[in-house]
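We name chains A, B, ... by the order of the sequence lines, and we start the count at 1 in each one.
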There are 4 protein chains.
Amino acid sequence: MEETYEKIIKAAYEIFSTEGYQKASINKIKDKANVSKGAIYHYFKSKEELYLKVLEYFIFEFANTLENIEFPDLYKIRELGLIYIEEYKKNKQMQKFLIDFFLQAMLNKKIKKIMNVFLENSIALIENKIKEMQEKGIVDKNINTNLLAQKIFVTLDSLGMYISIDANVIKPEKLWIDFVDNYLKDFFNAN
Amino acid sequence: MEETYEKIIKAAYEIFSTEGYQKASINKIKDKANVSKGAIYHYFKSKEELYLKVLEYFIFEFANTLENIEFPDLYKIRELGLIYIEEYKKNKQMQKFLIDFFLQAMLNKKIKKIMNVFLENSIALIENKIKEMQEKGIVDKNINTNLLAQKIFVTLDSLGMYISIDANVIKPEKLWIDFVDNYLKDFFNAN
Amino acid sequence: MEETYEKIIKAAYEIFSTEGYQKASINKIKDKANVSKGAIYHYFKSKEELYLKVLEYFIFEFANTLENIEFPDLYKIRELGLIYIEEYKKNKQMQKFLIDFFLQAMLNKKIKKIMNVFLENSIALIENKIKEMQEKGIVDKNINTNLLAQKIFVTLDSLGMYISIDANVIKPEKLWIDFVDNYLKDFFNAN
Amino acid sequence: MEETYEKIIKAAYEIFSTEGYQKASINKIKDKANVSKGAIYHYFKSKEELYLKVLEYFIFEFANTLENIEFPDLYKIRELGLIYIEEYKKNKQMQKFLIDFFLQAMLNKKIKKIMNVFLENSIALIENKIKEMQEKGIVDKNINTNLLAQKIFVTLDSLGMYISIDANVIKPEKLWIDFVDNYLKDFFNAN
DNA sequence: GATGAATGAGCTTTCATTCAT
DNA sequence: CATGAATGAAAGCTCATTCAT
């Protein structure tokens, strides 16, 4: 059944995101998924391949979430950021997975490639949203949409990182509000 | 001799920063350091303790570098950032080490504590530089120096991360110049 | 297959009884059993657990042997003791295992518990034999059967110990005959 | 100074008697003795030699204790045994050391030799006490003094063993009283 | 599809011992 | 006399992977 495949992917995602790729073991994954070791090797030829498939799943979910976010106006963006930060504080798992994804990208060329595609897609998605807003006249037509998208992505990404390690010197909400008010607002048309 | 201790620390730093904490093995470290396994365990009671000592060493070096950087004026800051980016592209080791430091901070409470101290100190150092500039009249007296320090640190840190994974969608130089010209310049007094 | 499990138990019993728990190594056991290290850890989660399972096996065998011994009359008991001493002199392995079992019981609470159960069962077995003899009128009806059982067990156990270290000042046969003639005979009914 | 030598012997005795020979490590001994590793190897050429010297020390102390015990009459012997059992219940260290001594005697020929000498001397000491009592007319002149000495030694030794593992099926006091009243009394002259 | 027995390399760590100082 | 740095073999154990069933 395809059920087994999905059970493995989900269990693997959980273990990878709590332990990191290296420390995660096939044994823990099989226990979490409640399948046999053989079942895992039936669907995935190695731990690395399993990780790559989990990355695919993660990236797909991530893109989906991103796609469904609406950026109607500057005020809403500020609100959304704060909600997103709140979410992060509750669920640090995704951020753990992401940071390990970065680390593995440094150590493994295949993963580096996937990371690049992931970044490209994420930024393209944000850029598209910005372009839609340009068409609606919300955002200034003369700006470099790609650079703005990069900026937004990098800002959210780095905030998430500091949240996930409970860095108490870094104040994500303040940085976010500052970012929106002192930076983003310049690209929005006054209404 | 203290020589052996330092040889181990330096070799460990190299191995940890190329392989990450989990994948790094005492065997590889001993080979790199050209010492015996026993020598490592003579100085460090476990792999974890060795890592903690390497962190200390890393943080000390990092603070030293930070302290010696001069921020005379906005133009120079822009230049310095670009040089720093160039350096990073050549030597990705430190950034790899830093990202693994983040990951380990998520998985291990002792390391999380050290990470917090590291962030506090780094931001305090930057804040001091900004205060000096305020006294010299270079920077606006009314700004929140701590938030600005956070901002600078977070920006440099996240750029370093994307550099180290050769993320080609992210253009660190452009983001840096944009950051200086559209954000930092507001805090500087016009001359 | 169950075969492997048994091969490991038997090899482990041999190594444990010739080297003692601490000196016995998984490597020696795996070589003796002709299995891989992984196979051992597939069946037993640690060296300690393996030892506990070997204890189980040993205790089962011991109880079996005890149960099959017949104590028809005083004369036969004296004979049986001598045969048993002769057996011991030839095969010191069991006694070595037993003495190490005692030592480990002092150092490890789990083993101490097992030792207690082992002693209880052994003494209960002997006590039952004595009660049967009471019913047949061979043994005096008024004696404390439990104390007598303790006495017999302790005597045999301590003799075995001195045999296994080839203590030449201790004469097990003489002590045994003395025990039967000067102590046991008082509990038997004259015929 | 000779002080160091003695500090090592005493620390080694403590560690050997709490951990057993195999598990005891030179490191733990040096920490307990508060001396350097080199100091240990200055006085003892190996762990084995150290153990042999500790055995010497132990045997000397044991003989001393034995020698100072007085056996004036049967009633006192019974009392003494009970006191001795009480002592054992409080301090199990010596018994632990003794049982490990037995185990090591099975595994190592040098230790086996020492064990034999130890047993010979202990039994000889007891035998001498019995002979003194014979001369005083307390004990029957026609008995086999050596066998009686063996009997007493074996009984006390085995009781100590069961005490040290907290064997709750074995009742040392009852066994001792039984031993005195049903066995020993036959060898004493009526008064 | 799925199981889990089995492998063996490699892991971290301990340890008795040596030796220059 | 005494130190403690250094060694390297061997310990218990983990783990990704293979494969017969």
Side-chain angles (χ1 to χ4, degrees), chain A residues 1-5 7-8 22-30 33-51, chain B residues 1-5 7-8 22-30 33-51, chain C residues 1-5 7-8 22-30 33-51, chain D residues 1-5 7-8 22-30 33-51:
Chain A
M1 278 164 271
E2 276 313 272
E3 224 190 294
T4 304
Y5 181 92
K7 262 160 67 185
I8 295 169
Q22 291 295 343
K23 220 187 155 199
S25 78
I26 297 292
N27 261 323
K28 283 177 203 148
I29 293 169
K30 83 159 222 286
N34 220 5
V35 299
S36 71
K37 224 180 258 200
I40 294 180
Y41 280 90
H42 177 72
Y43 287 105
F44 311 94
K45 75 173 204 287
S46 65
K47 185 186 175 186
E48 192 198 18
E49 199 188 275
L50 171 57
Y51 186 66
Chain B
M1 275 165 273
E2 276 312 273
E3 225 190 294
T4 304
Y5 182 91
K7 264 160 69 185
I8 295 169
Q22 293 294 345
K23 217 187 158 201
S25 82
I26 297 293
N27 265 324
K28 283 177 207 148
I29 292 170
K30 82 158 224 282
N34 216 10
V35 299
S36 72
K37 223 178 267 199
I40 294 180
Y41 281 91
H42 177 71
Y43 288 105
F44 311 94
K45 75 174 202 287
S46 65
K47 185 186 174 187
E48 194 199 19
E49 199 189 275
L50 172 56
Y51 185 66
Chain C
M1 274 164 274
E2 277 311 272
E3 223 191 296
T4 303
Y5 182 91
K7 261 161 67 186
I8 295 169
Q22 292 295 344
K23 216 187 160 201
S25 82
I26 297 294
N27 264 324
K28 283 176 207 149
I29 294 170
K30 82 158 223 283
N34 217 10
V35 300
S36 72
K37 217 179 275 197
I40 294 181
Y41 282 93
H42 178 70
Y43 289 103
F44 310 93
K45 75 174 202 289
S46 64
K47 184 187 173 185
E48 193 198 18
E49 200 188 275
L50 172 56
Y51 185 66
Chain D
M1 278 165 272
E2 276 313 272
E3 225 190 293
T4 304
Y5 182 92
K7 264 160 68 185
I8 296 169
Q22 291 296 342
K23 220 186 156 202
S25 78
I26 297 293
N27 261 323
K28 283 177 205 148
I29 293 169
K30 82 161 223 285
N34 220 5
V35 299
S36 72
K37 224 181 257 197
I40 294 180
Y41 280 91
H42 176 73
Y43 288 104
F44 310 94
K45 76 173 206 286
S46 66
K47 186 187 174 185
E48 193 199 17
E49 199 189 276
L50 172 57
Y51 185 66

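- Distance C:Lys30 NZ to E:dA6 P: 16 Å, rounded to the nearest Å.
- Across the protein-nucleic acid pair, D:Ile29 atom CD1 and E:dT14 atom P stand 17 Å apart, rounded to whole Å.
- Here C:Tyr41 pairs with nothing under the ring pair (Phe, Tyr, Trp, His ring centres under 6.0 Å) rule; sequence neighbours left out.
- Residues C:Ile40 and A:His42 each lie close to DNA chain E; by heavy-atom proximity, the contact nearer the 5' end of the strand is made by A:His42.
- Tested against C:Ile40 for a side chain to side chain contact (heavy atoms under 4.5 Å, CB included), the candidates C:Lys30, C:Lys45, C:Lys47 yield a single pass: C:Lys30.
- Here A:Tyr5 does not reach the OP1 or OP2 of E:dG1: none of its side-chain N or O atoms lies under 4.0 Å away.
- DNA chain E forms stems at E:2-21 with F:2-21, each a run of 3 or more consecutive Watson-Crick or G-U wobble pairs whose two key distances fall under 3.5 Å.
- In this structure, C:Lys23 has no side chain to side chain donor-acceptor pair (under 3.5 Å) partners at least two apart in sequence or on a different chain.
- Note on D:Thr4: a side-chain N or O is less than 4.0 Å away from OP1 or OP2 of F:dA2.
- Atoms CZ (C:Phe44) and C1' (E:dA6) sit 14 Å apart, rounded to a whole Å.
- Partners of A:Glu49 under the side chain to side chain donor-acceptor pair (under 3.5 Å) rule, at least two apart in sequence or in another chain, do not exist in this structure.
- The two atoms that bring A:Ile8 and A:Ile29 nearest to each other are O-CG2, 4.3 Å, heavy atoms only.
- Here B:Asn27 pairs with B:Lys37 under the side chain to side chain donor-acceptor pair (under 3.5 Å) rule; sequence neighbours left out.
- Here the P atom of nucleotide E:dC11 and the OH atom of B:Tyr51 are 18 Å apart, to the nearest Å.
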Could you write nucleotides 15-21 of chain F as a row of B, S and -, 5' to 3', where a protein heavy atom under 4.0 Å of any base atom gives B, of only sugar-phosphate atoms gives S, and otherwise -? SSBB---

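- A pairwise comparison of heavy atoms in C:Lys7 and C:Asn34 identifies NZ-O, 4.1 Å as the closest pair.
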